[in-house]
There are 2 protein chains.
Amino acid sequence: MTFVFNEREKCGSCPIRHRAICARCDEDELTLLEDMKSYQTFEAGQPIIWRGDDLTHFASVVSGIASLSRTLEDGRTQMVGLLLPSDFIGRPGRETVDFDVTAVTEVTLCRFQRRPFEDLVDRVPHIAQRMMEMALDELTAAREWMVLLGRKTAREKIATFLEMIVRRETVPTQSIQEYQLPLTREEIANFLGLTLETISRQLTSLKKDGVVEFIDRRHFRIKDLNALHLASGDDADGGVIV
Amino acid sequence: MTFVFNEREKCGSCPIRHRAICARCDEDELTLLEDMKSYQTFEAGQPIIWRGDDLTHFASVVSGIASLSRTLEDGRTQMVGLLLPSDFIGRPGRETVDFDVTAVTEVTLCRFQRRPFEDLVDRVPHIAQRMMEMALDELTAAREWMVLLGRKTAREKIATFLEMIVRRETVPTQSIQEYQLPLTREEIANFLGLTLETISRQLTSLKKDGVVEFIDRRHFRIKDLNALHLASGDDADGGVIV
DNA sequence: CGCTATCTTGAATCCCTTCAAGTCGCGTGG
DNA sequence: CCACGCGACTTGAAGGGATTCAAGATAGCG
């Protein structure tokens, strides 16, 4: 990571400058954000904020991965989203947080105090416009995940999950690429609405069927991308990629 | 329904004036929308737009209920949301639609052509601000539904569904109120990620347990609101209402 | 009055979970 | 250096909740 998170770092050189809520902002608007922002880093596994907590700050994920989840009273937990760099935490107009936010890896946030930021959202149209776009994108993603949770089999769920990782990280030039699972088996289970044992079983099943191969527990390669897509249940036509 | 959907009806007297995307607009901004809008009505059961179709218009639901759903190639379908009056259809910036939209009851839409409306979103901050709010609200609702789909049992799912109807339609003054199921058993099943037989079985189970009673297949009363809430699985403390 | 769509109920099956017992890998300390 | 311990993971066997398949009941409507 080349970017150093000094408090007074210029937004212009920020790695998420063109994807976060500031994406549409011009230089003057960026200055307003620069004057407000502060950075905070969380270690892997640390809670960032709990459901029901007072929302003192809004924040953008600058680096690392955080999870959004809800756990029922008896311990069942469902992850409802992964927060990647540029993703936003908090909902203008609300005082508290609706879901638990946890650092999955080490996470650095770019934070803004609630009141000043809410004022800014009302004053700077570029921010609301960008947040609308981002919220609508996340809404579509959430709805697609609802289809997975409600209707897909265990095998289809895992295949979809692996495919998501592959789609996000594939570098066009590289042919036989190695991917990393950002989550433990248990976290994957909570993301897919399954148990960790089922995750384990289905991963070995996909391995036996020659779809993926594992370098170690957290690193894998795709041996048959087309079979992976077929297993995801998203298309009947097989969605031939190449 | 007292409101008549004449093409040149004034927005000021529109039933969704203060909840839809126009909620924050002043009189001048409303005039811009008035000049663009046209109404369209769909009969119950009719498709409004299919996944992949060109999005020629954005629209707000003025009256009636529509569903958002996705069906996998082998016929499994998952409803990902219900569109009620004031809810919005379409995503500025996208050319096509991500989910099937179907009229559940008779539905009337207030429509805007894509290009002019997209320009308006960029020019009128009040619209983007309101759409951001609405998208964030829907996002939270979608995520809560993900918890239901991923982690709740059939009984909990149905109890949650009934509770949702009750919360939405309860009139404070009325004590023993009658509620309507807006969906068939099959539609409920597709909403909850279950089969219609399971819906039927769980409804009779809740009936046997004295939680609800049915006037006919589409109308019910709550006999024990507290038991209903307990059955929803959302709180351990039972969330005593009264 | 009967037709058809919707819904209910029953029985068998299955996929995933639950419970339980290992295995693997890695850092720590003897 | 290797034993130890612990967390993460795998694998097996049994059980259960929801589905599937199949009748039958009910209600709305011509």
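Throughout, protein chains are lettered first and strands after them, A, B, ... in sequence-line order, and every chain is numbered starting at 1. None of the values given here were measured: they were computed from a predicted structure.
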Quickly work out the [X] [atom1] to [N] [atom2] distance and round it to whole Å.
X         : N       : atom1 : atom2 : answer
Arg218(B) : dA27(D) : CZ    : C1'   : 12 Å
Leu206(A) : dT10(D) : CG    : C1'   : 15 Å
Arg217(B) : dT9(C)  : CZ    : P     : 10 Å
Glu187(A) : dC9(D)  : CD    : P     : 8 Å
Phe214(B) : dT8(C)  : CZ    : P     : 8 Å
Ile158(B) : dC7(C)  : CD1   : P     : 12 Å
Arg76(A)  : dT18(C) : CZ    : C1'   : 14 Å
Asp216(B) : dC29(D) : CG    : C1'   : 16 Å

Quiz item: When you look at CD of Glu197(A), are more than 12 heavy atoms from neighbouring residues, nucleotides or ligands closer to it than 6.0 Å?
Solution: yes
Quiz item: So, is Ser200(B) near the phosphate of dT9(C), with a side-chain N or O under 4.0 Å from OP1 or OP2?
Solution: no
Practice problem: Kindly state each residue pair satisfying salt bridge (charged side-chain N to carboxylate O under 4.0 Å, His left out) with at least one member in residues 136-146 of chain B, sequence neighbours excluded. | Solution: Arg70(A)-Glu144(B), Arg91(A)-Asp137(B), Arg94(A)-Asp137(B), Glu138(A)-Arg143(B), Arg143(A)-Glu138(B)
Quiz item: Base, sugar-phosphate alone, or nothing: which one does Arg185(B) contact when heavy atoms must sit under 4.0 Å apart?
Solution: sugar-phosphate
Quiz item: Reading nucleotides 16-23 of chain D from the 5' end, what letters show protein touch, with B for base, S for backbone sugar-phosphate only, - for no heavy atom under 4.0 Å?
Solution: --SBBB--
Quiz item: By side-chain contact (heavy atoms from CB on, under 4.5 Å), which residues pair with Thr198(A), not counting sequence neighbours?
Solution: Ala154(A), Leu194(A), Thr195(A), Gln202(A)
Quiz item: Charged N to carboxylate O below 4.0 Å: is that the case for Lys223(B) and Asp209(B)?
Solution: no
Quiz item: Do Arg221(B) and Tyr179(B) come within less than 4.5 Å of each other through their side chains, counting heavy atoms only?
Solution: no
Quiz prompt | Identified side chain to side chain contact (heavy atoms under 4.5 Å, CB included) counterpart of Ile49(B) within the set Thr96(B), Asp100(B), Val101(B) | solution = Val101(B)
